[in-house]
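Residues take their numbers from the sequence shown, with the count starting at 1.
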Amino acid sequence: DMYLNIEDKPNLSIRKAFNSLDGLIASNSEQLLVISSGGHTTGAPPKGGNEAGYQETLDNTLQYFGKDFIKEVRYKWSAMDYIPADGVPYIGFMNRVSDVYTATGFNKWGLAFGSATGPIVHDLMNSKENSWTKLVDARRWDIKGSIGDLAKIAGKVQYHLVKDKIKDRITAGKVDDLKLGEGGMCKIDGEVLACYRTETGKVDDLKLGEGGMCKIDGEVLACYRTETGKVDDLK
């Protein structure tokens, strides 16, 4: 079951879920609610970051159901939804010479359009007529309808790319200030690098002045060791 509020703002969707370790829904499975709200352009989180967005979702929920409605917030995450310029999903052949099928651009309605995808692709595979095939054709291309949104998105991407680069250079700290188990952007020999100091302080397979991608404690990270060797505990 899924429930939606009818107001535009705040927008909420609520669905039931079950917490089961073995993936099976049993009578004793823990019942949870999945609550969705808000949104932002990819790469441009709301002021205050993702945590501010999560808090807004919680506040919107409590506004409708009261402060005692939620006992515990178990999980928090963000999803990335593909929204076509014309608002219609891409379902069908990936291109004009391929026998590969695709289904994407569900415009935040994955449950509904995901279910609708099955019959459409089934009919394509079996060369059957389907009244929806032409509308959702994944090979369609409307440059006139897309150029405006494409220009806006490209402008935002360039803006944040430059802004973040400048911000990192201004706010980058010193690697010596990193505590054990702490990460951050640090300036090393004039370069701004993503740094992390391990709990044990060990870095393997890096020579002095050498950088690269290293696997440390099960994680793949960008690593760098200075010529002076002062960052032995940097990964």
Side-chain angles (χ1 to χ4, degrees), residues 1-92 94 101-124 130-142 145-146 148-150 152-153 156-157 160:
D1 297 333
M2 182 172 75
Y3 305 90
L4 300 170
N5 65 324
I6 60 175
E7 295 89 351
D8 289 334
K9 291 184 179 181
N11 59 325
L12 283 174
S13 72
I14 300 176
R15 15 197 140 162
K16 294 180 181 178
F18 295 89
N19 193 21
S20 177
L21 294 177
D22 57 8
L24 301 175
I25 299 177
S27 58
N28 61 346
S29 296
E30 183 182 27
Q31 294 192 33
L32 304 174
L33 287 178
V34 178
I35 303 174
S36 302
S37 178
H40 60 81
T41 303
T42 301
K47 187 176 181 180
N50 286 331
E51 283 298 328
Y54 300 145
Q55 185 61 47
E56 182 181 1
T57 298
L58 179 60
D59 293 341
N60 291 341
T61 304
L62 298 181
Q63 174 183 330
Y64 279 96
F65 299 101
K67 63 179 182 179
D68 298 324
F69 178 70
I70 297 178
K71 296 180 180 179
E72 177 188 4
V73 177
R74 190 71 60 82
Y75 310 104
K76 295 182 288 186
W77 72 93
S78 297
M80 186 179 293
D81 296 293
Y82 295 100
I83 302 178
D86 59 6
V88 179
Y90 294 106
I91 302 173
M94 186 170 290
Y101 299 87
T102 186
T104 187
F106 290 162
N107 204 11
K108 299 187 179 183
W109 284 92
L111 289 177
F113 284 125
S115 299
T117 294
I120 295 173
V121 174
H122 170 272
D123 290 344
L124 284 172
N130 189 300
S131 58
W132 294 99
T133 301
K134 186 176 181 180
L135 176 66
V136 299
D137 190 350
R139 299 168 297 183
R140 70 183 188 276
W141 178 247
D142 180 11
S146 305
D149 289 335
L150 187 61
K152 289 180 182 178
I153 293 172
K156 287 183 178 180
V157 170
H160 286 285

Step by step, work out the side chain to side chain contact (heavy atoms under 4.5 Å, CB included) result for Thr117 and Tyr101.
CA-CA 10 Å; Thr117 294; Tyr101 299 87; over 6 Å; no
Just wondering, more than 12 heavy atoms not from Tyr82 lying within 6.0 Å of its OH?
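Count not over threshold, so no.
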Where is the tightest heavy-atom contact between [X] and [Y], given as atom of each residue plus distance?
X: Asn11; Y: Ser37; answer: O-OG, 2.8 Å
X: Phe106; Y: Pro89; answer: CD2-CB, 3.8 Å
X: Asn60; Y: Leu12; answer: O-CD1, 3.7 Å
X: Thr57; Y: Ser36; answer: CG2-C, 4.5 Å
X: Pro84; Y: Gly105; answer: CD-O, 3.3 Å

Does any non-hydrogen side-chain atom of [Y] lie less than 4.5 Å from one of [X]?
X: Lys134; Y: Asp137; answer: no
X: Val88; Y: Arg140; answer: yes
X: Ile35; Y: Phe65; answer: no
X: Thr133; Y: Asp123; answer: no
X: Asn107; Y: Asp81; answer: no
X: Gln63; Y: Asp59; answer: no

Given the rule in the side chain to side chain contact (heavy atoms under 4.5 Å, CB included) test, do Ile14 and Tyr64 qualify, once you have shown the distances and angles that lead to the verdict?
CA-CA 12 Å; Ile14 300 176; Tyr64 279 96; over 6 Å; no
Going through the checks in order, is the side chain to side chain contact (heavy atoms under 4.5 Å, CB included) test met by Trp132 and Ile91?
CA-CA 10 Å; Trp132 294 99; Ile91 302 173; over 6 Å; no
Return the CG to CG distance between Leu124 and Asn130, rounded to the nearest 0.5 Å.
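That separation rounds to 7.0 Å.
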To the nearest 0.5 Å, what is the distance between CG on Leu32 and CZ on Arg15?
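Answer for the CG-CZ pair, Leu32 versus Arg15, is 14.0 Å.
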